[in-house]
There are 2 protein chains.
Amino acid sequence: IIQMHRLSKVYSLGESQVHALRSVDLTIHQGEFVAIMGPSGSGKSTLMNIIGCLDQPTAGEYHLQGQRVDRMRRSELADIRAATIGFVFQGFNLLSRTSALENVEIPTQYLRRRKLTESPRSRAIEALQRVGLQDRMHHVPSQLSGGQQQRVAIARSLVNQPSLLLADEPTGNLDSTTSEEIMDVFHNLNAQGITVVMVTHEQDIAQHAKRILVVRDGIIVSDTAVVK
Amino acid sequence: IIQMHRLSKVYSLGESQVHALRSVDLTIHQGEFVAIMGPSGSGKSTLMNIIGCLDQPTAGEYHLQGQRVDRMRRSELADIRAATIGFVFQGFNLLSRTSALENVEIPTQYLRRRKLTESPRSRAIEALQRVGLQDRMHHVPSQLSGGQQQRVAIARSLVNQPSLLLADEPTGNLDSTTSEEIMDVFHNLNAQGITVVMVTHEQDIAQHAKRILVVRDGIIVSDTAVVK
Ligand SMILES: Nc1ncnc2c1ncn2[C@@H]1O[C@H](COP(=O)(O)OP(=O)(O)OP(=O)(O)O)[C@@H](O)[C@H]1O
Ligand SMILES: Nc1ncnc2c1ncn2[C@@H]1O[C@H](COP(=O)(O)OP(=O)(O)OP(=O)(O)O)[C@@H](O)[C@H]1O
Ligand SMILES: [Mg+2]
Ligand SMILES: [Mg+2]
């Protein structure tokens, strides 16, 4: 499903250049459960943003489900994201003036083909129930704890039933019990055939995946199967 | 230094009430190193905001360095915060249009008494060096990784040399090596007599403290010394 070849991302700031990703080769098949680890600033979120069609590489190729993403127009990318990808951002990216429920409903507006039979509202409520937030549906982000905001971001990523779930540090603000509940949600999705790729800095969480990639200074330095 | 008696915080949203803190009794002396743990939504950030004079309780008393904080005016609270308290927010709260260096310099403007001899700029640079961000000083938050933004927030909390450091999930976005570096910074500050109170959901990080409080449903359910 995901295929990257010699993929690079360079940020130019005035005279200096930041090589966020340097010639990354990566293949992930449908149905895999992958964890990405690595030091702060090593390129994990940059890699996730490119996988999620939110950013373009500066060199190399990226194929998603066989299509050459690095050559697509913005409107094509937007359609693919809405229909296929669920994204949990490291910084949550919730709208501050709208409730948890409204925040979770937002991706349903971008889904062109009516492939889902239930209403947007009932799908949003069900997603919030899965992350334990049914009692906080009408709170706006400033009326939610950090971990509750993180869970709203997780619920939002699930509402369009994506085939690829990308989660950047999904348990960074969650205690161990709540983190395990989120891992159960991810396991259930993966058991249904959904591809899950998550960035985490916690070894316990990474052990829930079947494969661990370690990133350092913009390259993948190790790629190992998880032994249970 | 910190004394709370029957402290409560109730949020009223329309007809419903959220009892974020229910009759908390707490004493923390100068020079302590305390970790606060507990489930998502249990009241940890609410407690930290009240300790940090960013919020007022709805019942009970809070004494900071012998003064009755729950009776002070906003200007008095602002002066105490600027002179005494360094706060690392769970959501970082960085200004998006200003660089890391400018973000770290901001608290120096609020320090009325000139108790520090070095210039604001040199203090800000030194704080960024302590968290390993000397190469990212001129980046704005959108040009920084999640863990780098978190470290800018940590550097900002140190720049006025506070006597009380409050850190809400300071390593939530940091890999284990970088987290240990931040714990070294906190240990050094604590060795100089600074009181450190941090919220964390990670047992390994909590073990760096000398005392662990566990919060559940708005009350402190356990208070134990860390055995090394
Ligand atoms: N302004 C508000 N209005 C209503 N309820 C609120 C408000 N702020 C917080 N709450 C609620 O108060 C409770 C405690 O919130 P708090 O942020 O202190 O939790 P926390 O322990 O820090 O959680 P986390 O570990 O997820 O960060 C939560 O259930 C939250 O929904
Ligand atoms: N827009 C940008 N301009 C310049 N440099 C950038 C920009 N965005 C990110 N960077 C830099 O690229 C590097 C990789 O960033 P990235 O966010 O991918 O790291 P990360 O592995 O996700 O880190 P963390 O674990 O801290 O979240 C960092 O050193 C960062 O400073
Ligand atoms: Mg990141
Ligand atoms: Mg919190």
Side-chain angles (χ1 to χ4, degrees), chain A residues 11-14 16 18 20 36-46 48-49 89-92 94 96 99 131-133 135-136 138-151 168-169 171-179 181-182 199-206 214-216, chain B residues 11-14 16 18 20 36-46 48-49 89-92 94 96 99 131-133 135-136 138-151 168-169 171-179 181-182 199-206 214-216:
Chain A
Y11 293 108
S12 297
L13 294 186
S16 66
V18 176
I36 301 176
M37 306 189 78
S40 177
S42 55
K44 307 179 296 296
S45 295
T46 303
M48 292 286 274
N49 288 341
F89 295 91
Q90 188 169 9
F92 317 153
L94 301 179
S96 56
S99 71
V131 299
L133 287 181
D135 299 336
R136 292 286 182 270
H138 304 295
H139 287 226
V140 294
S142 61
Q143 297 166 337
L144 295 171
S145 76
Q148 289 166 346
Q149 293 174 28
Q150 186 154 37
R151 284 183 276 158
D168 197 345
E169 294 282 0
T171 64
N173 283 284
L174 300 176
D175 58 284
S176 45
T177 305
T178 314
S179 298
E181 289 167 16
I182 295 303
V199 173
T200 181
H201 69 264
E202 291 181 68
Q203 219 17 278
D204 299 348
I205 299 298
V214 179
V215 179
R216 184 178 295 275
Chain B
Y11 293 109
S12 297
L13 293 186
S16 66
V18 176
I36 301 176
M37 306 188 79
S40 175
S42 55
K44 306 179 297 296
S45 295
T46 303
M48 292 286 273
N49 288 341
F89 295 92
Q90 187 169 8
F92 316 155
L94 301 179
S96 57
S99 70
V131 299
L133 287 181
D135 299 335
R136 292 286 182 271
H138 304 295
H139 287 226
V140 294
S142 61
Q143 296 166 337
L144 295 171
S145 76
Q148 290 167 346
Q149 293 173 30
Q150 187 154 38
R151 285 183 277 159
D168 197 344
E169 294 282 0
T171 64
N173 282 284
L174 300 176
D175 57 284
S176 45
T177 305
T178 315
S179 298
E181 290 166 17
I182 294 304
V199 173
T200 181
H201 69 264
E202 291 179 68
Q203 219 15 281
D204 299 347
I205 298 298
V214 179
V215 180
R216 185 178 294 276

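In what follows, chains carry the letters A, B, and so on, assigned in the order in which the sequence lines appear, proteins first and then strands, with residues in each chain numbered from 1.
I182(B) contributes atom CD1, which lies 10.0 Å from atom CD1 of I205(B) (distance to the nearest 0.5 angstrom).
For T171(B), the part sitting under 4.5 Å from any heavy atom of chain A is the backbone (N, CA, C, O) and nothing else. Within the 4.5 angstrom heavy-atom criterion, no atom of H138(A) approaches chain B. Looking at Q149(B), neither its backbone nor its side chain comes within 4.5 Å of chain A, counting heavy atoms on both sides. Heavy atoms of V18(B) lying under 4.5 Å from chain A belong exclusively to its side chain. With a 4.5 angstrom heavy-atom cutoff, L174(B) touches chain A via backbone and side-chain atoms both.
Heavy-atom pairs under 4.5 Å with chain B peak, among D175(A), L144(A), D204(A), at D175(A). Of the listed residues T178(A), T177(A), N173(A), the one with more heavy-atom pairs under 4.5 angstrom with chain B than any other is N173(A). For the set G41(B), P39(B), S145(B), the entry with the most heavy-atom pairs within less than 4.5 Å of chain A is P39(B). Ranked by heavy-atom pairs under 4.5 Å with chain B, the list G91(A), S179(A), S42(A), G146(A) is led by G146(A). Interface summary for chain B: among E202(A), M37(A), E169(A), the most heavy-atom pairs under 4.5 angstrom belong to E202(A).
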Start with the C-alpha distance between Q143(A) and L13(B), add both sets of side-chain angles, then the distance that settles side chain to side chain contact (heavy atoms under 4.5 Å, CB included), and finish with yes or no. CA-CA 9 Å; Q143(A) 297 166 337; L13(B) 293 186; 3.2 Å; yes

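Q90(A) places none of its side-chain heavy atoms less than 4.5 Å from the side chain of V199(A).
Of all heavy-atom pairs spanning D168(A) and S45(A), the tightest one is OD2-OG, 2.6 Å.
With S40(A) as the partner, the side-chain hydrogen bond (donor to acceptor under 3.5 Å, both in side chains) test is satisfied by one option alone out of Q148(B), E181(B), R151(B): R151(B).
Checking side-chain atoms of K44(B) against main-chain N and O of I36(B) turns up no donor-acceptor pair under 3.5 Å.
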